[in-house]
Amino acid sequence: MPAEPHPGPPGSSAADPAPGQWKTLERRTILQHSKYLAVENHTVLLPDGQVIPDWPWVITPDYVNIVALNPQGEFICFRQMKYAVPQGTLAPAGGYIEPGESALQAAQRELLEETGCQASDWSLLGSFAVDANRGAGTAYLFLAQGAQKIAERTSDDLEEQQLVLLSRDEITAALKRGEFRFLSGAAAVALALQYLRDQEG
């Protein structure tokens, strides 16, 4: 999803900020790197009247991560390399939301592209600001149950990766060992496991 001019943090309208909320007085683009990254400089008014003239705001695309289970109850994951994680990491499926897509549509597309699977049961685990102070988009985390392979993978990901199937005990142990080495992936798995426990009562 291309980075587009951002009015500031959600709800930071200069017209009617909520009590205690920071107010965006002015914003200026200082870097337009690509559709994946832009940086703005914001002038911000704090609730106590203090003005910060140089608050950095990072614009990156919103994205999805999908924790998928097949009908046998196995978790569909990847072992993959990430540029910022040179030792490699376990990861759920995921990717950027394209223009015109809802988060759910993006999640369904990414699961099909990356794993060749469609799922019959989808649950939104939550949507989260990636950086609570500087933006960097929103992460939408999903649980997809009943995922079955219907096609060959068509992913264009740059990372070297291997698809793996993990039992619930295996993925729980991997999470505890820190093998999901990036925040949204670890959060998605932790939330999915908690969701499943809650559903079981």
Side-chain heavy atoms nearer than 4.5 Å, only ILVMFWY residues, links allowed to pass through others: does that put [X] and [Y] together?
X    : Y    : answer
L31  : V58  : yes
L165 : L69  : no
F182 : F78  : no
I76  : V164 : no
V189 : Y63  : no

Is L46 atom CG crowded by more than 12 heavy atoms from other residues, nucleotides or ligands, each under 6.0 Å away? yes

Counting only heavy atoms not in E152 (residues, nucleotides, ligands), do more than 12 fall under 6.0 Å from its CD?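 Check fails, neighbour count at 12 or below.
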
Closest heavy-atom pair and its distance - [X], [Y]:
X    : Y    : value
A192 : V67  : CB-CG1, 3.7 Å
D54  : N41  : CA-OD1, 3.2 Å
Q21  : P47  : O-CG, 3.9 Å
A144 : A119 : CB-CB, 3.6 Å
A139 : V130 : N-CG2, 4.0 Å

Starting at [atom1] of [X], measure out to [atom2] of [Y] and round the result to the nearest 0.5 Å.
X    : Y    : atom1 : atom2 : result
L112 : Q118 : CG    : CD    : 6.0 Å
N65  : L125 : CG    : CG    : 10.0 Å
E110 : I97  : CD    : CD1   : 9.5 Å
H42  : E26  : NE2   : CD    : 10.0 Å
R27  : W57  : CZ    : CH2   : 11.0 Å
T60  : D131 : OG1   : CG    : 9.5 Å

So, do [X] and [Y] sit near enough that their side-chain heavy atoms are less than 4.5 Å apart?
X    : Y    : answer
Q148 : C117 : no
F142 : P92  : no
R168 : L196 : yes
F180 : I171 : yes
F128 : L191 : yes
I52  : T43  : no
I66  : E114 : no
Q199 : Q145 : no

Working note: Q161 + L163, criterion side-chain contact (heavy atoms from CB on, under 4.5 Å); need CA distance, chi angles, decisive distance, verdict. CA-CA 7 Å; Q161 58 186 11; L163 193 147; over 6 Å; no

Show, in sequence, the C-alpha distance, side-chain angles and deciding distance for W55 and E40, and conclude whether the side-chain contact (heavy atoms from CB on, under 4.5 Å) test is met. CA-CA 8 Å; W55 190 265; E40 293 180 346; over 6 Å; no

Side-chain (Q32) to main-chain (S34) donor-acceptor, under 3.5 angstrom: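 Such a contact is found between Q32 side chain and S34 backbone.
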
Pair E179-R79, side-chain contact (heavy atoms from CB on, under 4.5 Å): steps then yes or no: CA-CA 9 Å; E179 293 184 35; R79 294 191 186 279; 3.6 Å; yes

Modelled atom types, side-chain donor and acceptor of K82 and Q80, under 3.5 Å: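 There is such a pair between these side chains.
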
List the steps and the verdict of side-chain contact (heavy atoms from CB on, under 4.5 Å) for L111 and W122. CA-CA 11 Å; L111 182 65; W122 287 84; 3.8 Å; yes

